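Only heavy atoms go into these numbers, but all of them, side chains included; no hydrogens, no water, no symmetry mates. These numbers were taken from a predicted model, which means no experiment stands behind them. We're numbering straight along the sequence, starting at 1.
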Amino acid sequence: MEDENSERPHCPIPERIFKSGEEPTGVRVTPYHKPCAIRQILNALDPDEVEQIRNSPFGKLVDIADKPSFSGRFGRYIISRQLKVAKKHEAWFVFAGKPIRFSLREFAFVTGLNCGKIRKRSKKRALKNNITEKPYWGELFGTLKEVPVSSVIRMLMKKTVTKTELRLKYAYLALLSSVILPTTHTPRISQDHAEMIKDVEEFFAYPWGRVSFYMLMSSIKERKEVSLSQNTIALKGFVLSLQLVMVEAVPALTEVVQDGSSSGSEDDFDVEEDNIDNGKGEKKSISPGLARDIDAAGKAMVHSLISGGDNLLNAGTEFVWSDDEEDSAVDNLLTLIEQQYPFSHSCFTGGVTKLDVIRLREEAKAGGLHRKTTKAKQGISTQIPVGFDVEFVGDVVKDKLKEDFKRLETQVATLQESSLSEFVGDVVKDKLKEDFKRLETQVATLQESSLSFQTMVLSNLSEMLGKFEVVNANIASLTRVAPPQTTTYSDGHPQRNEQPPSTKNVARETNVEIPTIIEEAVRFVNRVSSSSGDVGNGREDVVGDGFGVANVEKASTREARVVVDELVNATAGGGEEACDGANITDINLGANEVALGCRKSKRQKVPPKALLGNYECDRRFLNRARQAVADSKNPGGNIDYSAKFSILLDKLKTPFCITTDAWTLESTELYEIVERENPISAKVVDVLISHISALYRGNSHRKHQSKCVFLDTKFVSQISKVYTKFSNVSRKDTFRFPDNIVDNTDFIEADRFYFPFNLDKKYWIGICIDMSNWSIAVLDSNLPNRSEYMMGKEVKPIAQMFPYFAKQVGKQVGLKDMKALAFERPRFLPQNNAITDSAVTTILFIQAHAVAGVDACKCITAAVLDTEVERLVVTLYEGNVGPL
């Protein structure tokens with residue numbers, strides 16, 4: 001122990017904040033950055049990419065990753081041994097009786113970061129760039145609004161980004177947000193930083209080191225005696241730099257380095273679910289016990305000012321702060337250090353004691369209520385002459401300058417608006433000038449094409465109308481008289497000639513006159529209509545009046561009109577061009593075909609989709625379908641489940657056991673399903689799954705029995721155990737699932753797979769995997785218990801593995817379709833917040849979904865749950881023991 005009565009300096013030097021021996025014994029300093037983040041980022045990169053970072057202005061961070069990690073206990077020990085200085089950008093500490101400076105010079109030396117002065121940026125240029133340039137954030141991260149650093153590291157590890165330039169930008173942004181400028185324990189990429197890294201040279205030219213040091217020093221200086229006495233102190237910025245300076249100043253601190261990290265280092269924070277650090281090397285940290293021993297002995301070699309062997313860090317204006325304050329005590333201390341004064345613990349006096357800290361804390365609490373009043377009183381000047389009315393003078397000045405201030409404000413506002421509008425107008429005008437010219441050309445072309453199109457359409461319409469007028473005139477003149485042809489039976493009764501008109505190859509016979517064709521068609525139509533009417537009325541004679549166009553319209557059928565229309569259309573064009581055999585087929589109509597009137601309808605046989613798009617089946621019908629499956633063991637009429645349940649309760653008073661080939665169920669376990677005072681075990685859930693599977697197969701059509709497969713909790717447990725191995729395989733299609741999983745399932749023809757899923761060993765949900773639409777649906781009766789994001793993470797392993805598992809057991813799945821199943825979580829299902837009801841609700845959800853889809857699950861409400869449970873246990877008993 002050194003001599004406490006050694007000679008003290010004759011000039012004043014800074015005093016301690018806490019008296020020697022009265023320093024607060026807190027727990028730790030908590031940094032917002034995690035030193036392991038450097039190693040995590042570097043491990044996610046390729047060796048050549050790490051080498052490029054080593055050669056960049058962030059290169060010294062690569063070396064820092066291999067040094068001892070930050071010790072929260074050691075940081076707490078150092079921060080309580082500060083000296084009280086007036087400088088805002090310097091901190092002095094006492095260790096082993098020697099002063100140690102922590103300033104921007106020391107920070108730049110240990111971190112290697114750019115700590116130069118911040119250059120002012122032109123606001124007008126920045127505004128112009130923001131308006132004209134596309135944000136670079138979209139090129140880096142797409143539509144994401146927030147990007148955690150952990151996501152960036154994960155993208156680098158999985159090589160989601162392959163371009164080296166883009167991967168290095170990701171790494172630089174991650175280092176900046178999580179190590180150099182951290183403000184939270186879960187750092188995120190800043191959009192401002194992302195815009196700056198578009199130009200990498202400009203990004204590195206910015207003094208990030210000065211910004212980081214200012215953040216750290218402000219976090220230290222804002223704490224006074226009371227806040228420095230807290231057990232835990234949280235500091236922003238690159239806190240590890242403080243320990244790096246202490247190690248450079250006191251080399252003896254690294255003589256003993258302990259395994260693991262002390263309290264307050266990175267182990268105090270949550271570790272990402274992915275093993276990003278890959279476990280490379282054990283973590284080392286400074287021993288707080290060794291530091292206390294070295295400090296107490298006071299014999300270690302200490303460098304009060306570290307400069308790396310040159311004077312660059314101690315000279316020049318690069319590390320000067322324009323707003324720093326002068327402190328004569330610090331100047332004296334620097335002079336003594338230059339003179340190699342033999343400092344000791346006794347040289348540094350002053351400081352508050354623990355009792356003083358308690359008193360200050362109480363005063364702060366009491367003075368907090370009157371702080372505003374005190375500040376207001378202190379702000380009043382006491383140098384006002386007697387008889388001088390301040391308020392009167394203030395009112396006079398205010399009235400005199402009121403109009404001037406209003407006019408000045410109006411002019412400033414007008415100037416701002418005009419300058420900004422002119423600037424924006426010029427930019428928009430330059431950008432849209434070519435677009436407007438191109439648009440005018442397109443509009444002119446469109447107008448010309450529109451006029452030519454109108455002319456063409458009008459000419460075609462006039463030509464068509466002319467043809468129709470000619471055809472109508474010909475039909476009217478040719479069908480004016482059409483005498484009937486009659487024959488006479490041997491008994492004297494008249495008989496019409498049933499021979500249809502000869503129309504074979506009408507289109508090819510150019511010498512056939514149009515009147516002849518029309519006349520024969522009309523005569524044939526009238527004969528068919530008259531014969532049909534005569535047979536219906538039981539008449540054998542026919543009145544032989546004329547058959548004109550009026551009679552045709554009155555008696556002909558729809559099919560006969562079609563014949564006439566076809567004949568007219570076949571001859572309306574005239575000449576060989578209109579009657580070309582390549583365009584019109586031979587017309588061979590028999591009398592029987594026309595008389596039957598058989599025409600194939602074009603009406604839709606099913607309702608259109610637009611009509612039934614929003615149709616929903618009534619819940620009562622869906623519930624009836626579900627109950628039909630549940631009643632498959634008791635067909636025929638209504639079943640009084642309440643009476644059967646009363647009988648079952650009487651039987652439960654006597655212990656018994658239900659045993660099948662697959663499971664065994666005690667009477668007490670059956671009673672637990674009814675009471676549900678505690679969460680139902682996985683064994684009972686497996687029994688219920690087996691029961692509803694038997695009900696479904698017993699009441700479904702043979703071809704539908706294999707479409708749904710019901711799996712138990714053992715399947716979920718076994719497939720979840722192999723996820724770690726599955727995730728570590730680069731080629732997922734080569735991964736082989738264990739035989740005990742594959743052999744226990746037989747669902748090559750199945751489309752849907754149901755199984756219960758347990759959360760927190762007490763809360764159950766239902767899972768439905770539908771391979772037809774490639775989705776995994778969660779049937780959850782308590783949505784607030786898990787957020788959408790957390791539930792997605794719970795089912796993520798199954799969603800990723802199941803496609804490969806289905807392919808292995810024989811389902812036809814292409815390699816291009818081996819993407820993860822889409823996650824769905826219906827939010828309209830009935831809710832039940834009782835955790836103990838989640839198991840039976842899940843079983844009923846699965847049963848209803850398998851029978852009639854997700855809409856049937858709406859019937860399982862909390863109001864009918866007891867009734868459904870009674871039905872469930874009764875059918876379970878009767879299906880395996882016998883009727884009640």
Side-chain angles (χ1 to χ4, degrees), residues 606-610 612-617 619 621-623 625-626 628-629 689 692-712 715-716 719-720 726 732-733 735 737 741-742 744-757 765-780 788 791-792 794-829 842-860:
V606 295
K609 186 176 181 181
L612 298 179
N614 297 326
Y615 176 77
E616 292 186 3
C617 187
R619 292 187 187 179
F621 292 101
L622 298 175
N623 199 31
R626 183 184 60 82
V629 174
I689 283 289
I692 64 173
S693 177
L695 291 178
Y696 179 83
R697 295 180 181 275
N699 200 45
S700 300
H701 192 273
R702 182 176 300 176
K703 67 178 182 179
H704 296 303
Q705 289 179 355
S706 59
K707 294 300 181 181
C708 294
V709 172
F710 300 85
L711 305 172
D712 55 14
F715 170 79
V716 182
I719 198 173
S720 299
F726 175 83
K732 308 298 184 185
D733 55 321
F735 181 79
F737 291 89
I741 306 179
V742 178
N744 292 339
T745 57
D746 183 16
F747 48 79
I748 298 178
E749 299 179 357
D751 291 332
R752 286 182 292 176
F753 310 91
Y754 296 92
F755 51 86
F757 194 85
I765 60 174
I767 301 294
C768 171
I769 297 179
D770 193 342
M771 300 296 289
S772 61
N773 60 8
W774 210 259
S775 65
I776 177 170
V778 176
L779 308 178
D780 191 356
E788 200 78 8
M791 186 62 73
E794 296 285 356
V795 301
K796 176 182 176 182
I798 298 177
Q800 291 181 347
M801 289 190 294
F802 203 87
Y804 298 94
F805 173 72
K807 182 176 178 62
Q808 182 174 333
V809 298
K811 287 195 69 66
Q812 298 297 325
V813 181
L815 289 177
K816 65 179 182 179
D817 298 329
M818 304 302 286
K819 58 183 179 180
L821 300 172
F823 171 64
E824 297 178 357
R825 191 185 187 193
R827 307 194 69 83
F828 53 79
L829 297 182
T842 296
I843 296 298
L844 294 173
F845 275 170
I846 291 175
Q847 183 188 40
H849 194 283
V851 174
V854 69
D855 288 335
C857 299
K858 299 177 182 179
C859 308
I860 313 299

Can you tell me how far [atom2] of [Y] sits from [atom1] of [X], rounded to the nearest 0.5 angstrom?
X	Y	atom1	atom2	result
Ile846	Ile860	CD1	CD1	11.5 Å
Asp751	Asp770	CG	CG	7.0 Å
Phe802	Phe737	CZ	CZ	9.5 Å
Glu788	Phe823	CD	CZ	5.0 Å
Asp780	Phe757	CG	CZ	11.5 Å
Ile798	Ile719	CD1	CD1	6.5 Å

Any donor-acceptor pair under 3.5 Å linking the side chain of Glu824 with the backbone of Ser775? no
Side-chain donor/acceptor of Trp774 to backbone N/O of Lys819, under 3.5 Å: yes
Do [X] and [Y] come within less than 4.5 Å of each other through their side chains, counting heavy atoms only?
X	Y	value
Val778	Glu794	no
Leu711	Ile689	no
Tyr696	Gln847	no

Please report the shortest heavy-atom distance between Ala856 and Ala848, naming the atom on each side. CB-O, 3.6 Å
For Val854 and Pro826, which heavy atoms make the closest approach, and how far apart are they? CG2-CG, 4.0 Å
side-chain contact (heavy atoms from CB on, under 4.5 Å) with Phe753: of Ile776, Val709, Ile767, only one passes, and it is Val709
Which label fits Phe805 and Phe715: parallel for a plane angle under 30°, tilted from 30 to 60°, or perpendicular past 60°? tilted
